[in-house]
Amino acid sequence: MATPETPKVDLDHLKGKTILITGGASGFGAAFARKWASHGANIIIGDMSDAAGESLVAELRSSTGSQNHCYQHCDVTDWQSQVALFKLAVKQSPSGHIDAVVPNAGISGDTNSSPGNFEDPQGLDGDDPAPPRLKILDVNLTGVMYTVHLAMFWLAKNNTEKAQGKNENQPEGTRDRHILLIGSVASLTPLVGAAQYTASKHAVTGLFRSLRGTAFHRGIRINLLCPHFVKTGLLSDGVMLILAGGGLGEVSDVVEAGTQFMADKTAYGRSVVIGPKLKVEDGDDGEMRLVEIPSAEGEEGKGIWDCFAHDYQSTEAFFYRYTRLLIAFAKMRGWAGWAKDVFNVVFRRK
Ligand SMILES: NC(=O)c1ccc[n+]([C@@H]2O[C@H](COP(=O)([O-])OP(=O)(O)OC[C@H]3O[C@@H](n4cnc5c(N)ncnc54)[C@H](O)[C@@H]3O)[C@@H](O)[C@H]2O)c1
């Protein structure tokens, strides 16, 4: 099926870039890696899922004929592990520099089970009560902060003079410095029952909003993707059941949005939300109006929506309307849509 948004920038700009992706062994990270490697980027992946990471790099080396792609075991919650990953990327890079970093590693899941029952604390008046488990914050926030901190150091070293002559694919004056943050709809709106995940992804928005006021001083571009729910390893069957009837975003749209930001050197301080494909038009009253829901069979809708992150008043107004559209979408699919999604989760595992 054709994607609704055709590329607006020349993807040849990806050629010769060295891009470090945490959590790149599966899901969005792996999809980014495949896309960007196919356009000539060198991909460095750090993940804890070694078999998947090594297999992906073998695939990239074989499909592109380049040995520059690399995998290294990395636990993003471990500072030294990330330090080593960045050093590997610099060593492996044909230019000797890193052009872009994607702090993508993230987890969701059950943080409310004992002993870390965060939203329903029990027994804290006993002797030596255990602290809540904050694993999601460790990975999605501390891990991201470590990655961004290292990126701010290593990207700033990516200057033209030093890189000059080391990479013939990269003419003088074109080297890029880019951090592509991975947020979520939970960066912009609460996910009820997922307080820790919401807190971690709201924090990513705070990081984005803060850094885009300063990162340009170091010549670093910063952009943010906020995917709605998309079927990857992150979503358990339980979450899929809760989402039944509501529709999902598509990995291909997340990749397209990330690729536009990665290849477009003028994209700075931008954020998009990526969700189920919708088709809307302006109503007479100036409100966005849902006119048609595309079928899964191929009718085109739009899955990537600019959320005008340069103006968060607009964003919140936008999100209010977008959420209403999603609710209308779920209502329109009705019980039949819900039943179909539940059937798929329970019987087809897709
Ligand atoms: N799938 C969705 O619906 C969705 C929606 C919004 C945002 N996101 C975000 O997208 C990002 C990628 O998630 P995904 O959907 O591709 O999920 P995924 O589970 O397919 O990929 C996440 C990757 O991170 C790795 N990882 C987990 N903990 C790690 C650690 N401590 N150190 C290094 N790597 C680690 C995993 O091994 C995995 O390869 C996450 O930040 C997630 O929060 C996902």
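Order of listing sets the numbers, starting from 1, for every ligand and every atom in it. Sequence positions, counted from 1, serve as the residue numbers for this chain.
- Taking CG of Leu85 as the start and CG of Asp75 as the end, the distance is 11.5 Å to the nearest 0.5 Å.
- At least one heavy atom of Lys201 sits less than 4.0 Å from an atom of ligand 1.
- For the pair His202 (side chain) and Ala186 (backbone), a donor-acceptor distance under 3.5 Å is present.
- Looking from atom 36 (C) of ligand 1 to the surrounding protein, the closest heavy atom is Asp47 OD1, 3.5 Å.
- Polar contact with ligand 1: absent for Gly46 (N/O pair, distance under 3.5 Å).
- In summary, the atoms of ligand 1 found under 4.0 Å from a heavy atom of Ile107, numbered by their order in the structure, are 27 (C), 28 (N).
- Among all non-hydrogen protein atoms, the one lying nearest atom 24 (O) of ligand 1 is Gly23 CA, 3.5 Å.
- Of the protein's non-hydrogen atoms, the one nearest atom 9 (C) of ligand 1 is Ile182 CG2, 3.7 Å.
- No N or O atom of Asn140 sits closer than 3.5 Å to an N or O atom of ligand 1.
- Side-chain atoms of Tyr71 never come within 3.5 Å of backbone atoms of Ala51 as a donor-acceptor pair (strictly under, hydrogens ignored).
- Per-residue contacts place Ser49 under 4.0 angstrom from the following atoms of ligand 1 (heavy atoms of the residue considered): 37 (O).
- The contact set between ligand 1 and Asp75, taken as ligand atoms under 4.0 Å from a residue heavy atom, comprises 30 (C), 31 (N), 32 (N).
- Not a single heavy atom of Thr22 sits closer than 4.0 Å to an atom of ligand 1.
- Rounded to the nearest 0.5 angstrom, Ser93 OG and Lys17 NZ are separated by 11.5 Å.
- The shortest distance between side-chain heavy atoms of Ile43 and Phe32 does not fall below 4.5 Å.
- Counting protein heavy atoms only, atom 18 (P) of ligand 1 is closest to Ser26 OG, 3.7 Å.
- By the criterion of a heavy-atom distance under 4.0 Å, both the backbone and the side chain of Asn104 are placed next to ligand 1.
- A donor-acceptor contact shorter than 3.5 Å links the side chain of Asn104 to the backbone of Thr22.
- The protein non-hydrogen atom at the shortest distance from atom 5 (C) of ligand 1 is His228 O, 3.3 Å.
- Residue contacts with ligand 1: Val230 is placed with a nitrogen or oxygen under 3.5 Å of a nitrogen or oxygen of the ligand (distance criterion only).
- Side chain of His39 to main chain of His13: no donor-acceptor pair is present (N/O by atom type, distance under 3.5 Å, no hydrogens or angles).
- Within 6.0 Å of the CE atom in Met152, the count of heavy atoms belonging to other residues, nucleotides or ligands exceeds 12.
- Considering backbone and side-chain N/O of Gly29, none are found under 3.5 Å from N/O of ligand 1.
- Between atom 4 (C) of ligand 1 and the options Phe229, Phe32, Phe28, the minimum heavy-atom separation is to Phe28.
- The single protein non-hydrogen atom nearest to atom 32 (N) of ligand 1 is Val76 N, 2.9 Å, given as residue, atom name and distance.
- Taking CG of Leu225 as the start and CD1 of Ile182 as the end, the distance is 4.5 Å to the nearest 0.5 Å.
- Residue Gly249 places every heavy atom at 4.0 Å or more from ligand 1.
- Within the 4.0 Å heavy-atom criterion, the part of Cys74 lying near ligand 1 is the backbone and not the side chain.
- Closest to atom 14 (P) of ligand 1 among all protein heavy atoms lies Thr232 OG1, 3.4 Å.
- Of the possible donor and acceptor atoms, one in the side chain of Asp47 sits under 3.5 Å from a partner among the backbone N and O of Ala25.
- Judged by distance alone, with hydrogens and angles left aside, the side-chain atoms of Arg218 form no donor-acceptor pair with the main-chain N or O of Arg177 at under 3.5 Å.
- Of the protein's non-hydrogen atoms, the one nearest atom 7 (C) of ligand 1 is Gly183 O, 3.1 Å.
- Under a 3.5 Å cut-off, the side chain of Ser187 and the backbone N or O of Ser184 do form a donor-acceptor pair.
- Closest to atom 22 (C) of ligand 1 by heavy atom, among Pro227, Gly106, Gly27, is Gly106.
- At distances below 3.5 Å, not a single donor-acceptor pair connects side-chain atoms of Thr189 with backbone N or O atoms of Val185.
- Of the N or O atoms in Thr77, none lie within a sub-3.5 Å distance of an N or O in ligand 1.
- Both Phe153 and Trp79 are members of a single hydrophobic cluster when ILVMFWY side chains are connected at heavy-atom separations under 4.5 Å.
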